[in-house]
Amino acid sequence: MKILYFAKLKQLIGKSEETICIRKKKKISQIINELKKRNDVYNFAFKESNSLQYAVNCEYVDLDFFVTDSDELAIFPPVSGG
Amino acid sequence: MKILYFAKLKQLIGKSEETICIRKKKKISQIINELKKRNDVYNFAFKESNSLQYAVNCEYVDLDFFVTDSDELAIFPPVSGG
Amino acid sequence: MQVLFQRKKFNESDLINKFSLDNKNSGAIFSFIGKVRPKNQNNNVLSIDIELYEKMAQVQIKKIIKKLMKKYLIDDYLVVHRYGRVKPRENIVLIVVASQHRKESFRFGEGLMDWIKVKATFWKKENYSNSSEWVNQKETDREFIDFSL
Amino acid sequence: MQVLFQRKKFNESDLINKFSLDNKNSGAIFSFIGKVRPKNQNNNVLSIDIELYEKMAQVQIKKIIKKLMKKYLIDDYLVVHRYGRVKPRENIVLIVVASQHRKESFRFGEGLMDWIKVKATFWKKENYSNSSEWVNQKETDREFIDFSL
């Protein structure tokens with residue numbers, strides 16, 4: 001599954017996207033927990049995962065949403081355009 | 001006292017202004033009644049005097065407002081600009 | 001901070017452009033343009049005549065602006081309203097407002113337009129091919145105005 | 001009926017003018033221009049960088065527009081939003097709306113801007129002389145949106 005990072009989160013993680021493999025459907029919160037275990041950078045970036053926003057295939061979802069390997073997950077701080 | 005007429009009222013009365021003499025303060029409603037007595041034209045023009053609007057020296061007032069000879073009274077249908 | 005009444009057509013975008021340049025440091029520019037619609041309830045409007053009681057229109061608009069400025073923090077405004085003969089598709093009124101944050105401009109601009117509709121001494125007459133008719137004030141326009149001002 | 005994202009500066013009044021000419025028969029043209037303010041809480045802003053998740057921003061804005069169009073009768077709209085580096089006093093966003101009666105344009109334009117503020121995937125970073133900072137979404141912006149849509 002493709003994961004996209006934007007804005008401050010992209011800056012903290014140091015990349016704008018990556019691909020992970022998920023065999024069956026998984027909650028976003030579970031994915032975040034796994035990412036946090038990778039290293040200090042991820043752990044710090046997702047420290048306040050509740051204040052981040054999540055979108056699957058361009059639609060806002062919450063941390064309980066289930067994703068599958070063919071989805072595109074985007075994670076970012078609240079938007080600030082306009 | 002100067003009286004100004006606008007829009008449809010001006011058209012009905014056939015003039016845009018006239019001057020009447022009032023010795024002491026008078027209610028606008030009283031002035032309207034006197035004008036109505038003049039002839040059929042005025043009587044018809046002021047038939048629905050409640051749906052007209054009244055302004056003294058550029059401020060909206062109602063029919064109970066007292067005017068004196070130095071005032072400028074404007075009478076007109078509800079405005080429709082913009 | 002101007003309220004202009006004029007017979008002449010105006011180019012709204014030139015005025016908005018100039019206004020925006022004059023208010024370089026504002027974060028928000030609101031504008032509203034009111035134009036003559038070529039039809040009114042299936043009647044073809046050939047032209048409209050706008051009558052004006054100028055002195056009172058100035059007094060009333062300035063009064064509303066004073067009230068709105070106490071309530072909303074804005075940087076600048078411009079009001080242009082035409083009178084005399086106006087053709088379909090031409091502009092009648094322009095309101096432009098500059099502020100630091102958008103909501104102030106919106107509230108000021110919309111409130112101003114609402115009040116102009118019921119207080120500013122302009123009257124429209126629509127000319128059709130064989131007749132003409134004075135335009136009535138809309139019931140709804142009276143409902144829009146914010147009497148708390 | 002366009003939603004454009006672009007790096008390039010745009011001349012807002014040219015766009016408003018063209019839009020107004022394209023909508024000759026509309027009675028009301030609303031517009032809103034959002035610009036970069038040169039200061040933010042006493043910090044001199046030298047430039048801002050706007051990041052964009054383009055695909056999602058298009059999806060989200062189109063979705064809001066669809067909802068707003070069900071509620072308000074409008075003739076046309078145009079949205080332009082910039083991304084990349086933007087300088088103080090330059091425009092960031094333009095919304096123009098045409099309708100027969102003014103209230104539809106106002107409600108549509110303001111509602112659209114409110115939703116863009118909290119749903120459209122743009123992020124601003126302000127660059128100061130010695131540092132830069134991501135702009136936080138305003139608490140108040142979340143309060144403005146009309147969830148009944």
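Note that the structure is a prediction, hence the values are computed from the model and not measured. In what follows, chains are A, B, ... by sequence order, proteins preceding strands, each numbered from 1. Atom set for the values below is all heavy atoms of this structure, side chains included, hydrogens, waters and symmetry mates excluded.
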> Looking at Lys138(C), Lys125(C), Lys63(C), which makes the most heavy-atom pairs under 4.5 Å with chain B?
Replying inline: Lys63(C)
> Which residue, Arg85(C), Lys35(C), Arg82(C), forms the side-chain hydrogen bond (donor to acceptor under 3.5 Å, both in side chains) with Glu90(C)?
Replying inline: Arg82(C)
> Does any heavy atom of chain C fall under 4.5 Å from the side chain of Gln11(B), the backbone, both, or neither of them?
Replying inline: side chain
> Quick one: what part of Val118(C) sits under 4.5 Å from any heavy atom of chain B, side chain, backbone, both or neither?
Replying inline: backbone
> Checking Asp76(C) side chain against Ala98(C) main chain: does a donor-acceptor pair fall under 3.5 Å?
Replying inline: no
> Taking every heavy-atom pair that is under 4.5 Å apart, which of Lys119(C), Gln58(C), Met113(C), Met56(C) has the most such pairs with chain B?
Replying inline: Met56(C)
> For Ile50(C), is it the side chain, the backbone, both, or neither that has a heavy atom closer than 4.5 Å to a heavy atom of chain B?
Replying inline: neither
> What residue in Ala55(B), Cys58(B), Ala74(B) has the most heavy-atom pairs under 4.5 Å with chain C?
Replying inline: Cys58(B)
> Salt-bridged, Glu110(C) to Arg107(C), with N to O below 4.0 Å?
Replying inline: yes
> By a 4.5 Å heavy-atom criterion (distance strictly below it), what part of Ile48(C) contacts chain B: side chain, backbone, both, or neither?
Replying inline: neither
>> For Tyr53(C) and Phe76(B), take the angle between the two ring planes, folded into 0 to 90°, and tell me which bin it lands in: parallel under 30, tilted 30 to 60, perpendicular over 60.
In response: perpendicular
>> Would you call the rings of Tyr5(B) and Tyr42(B) parallel, tilted or perpendicular, taking 30° and 60° as the class edges?
In response: perpendicular
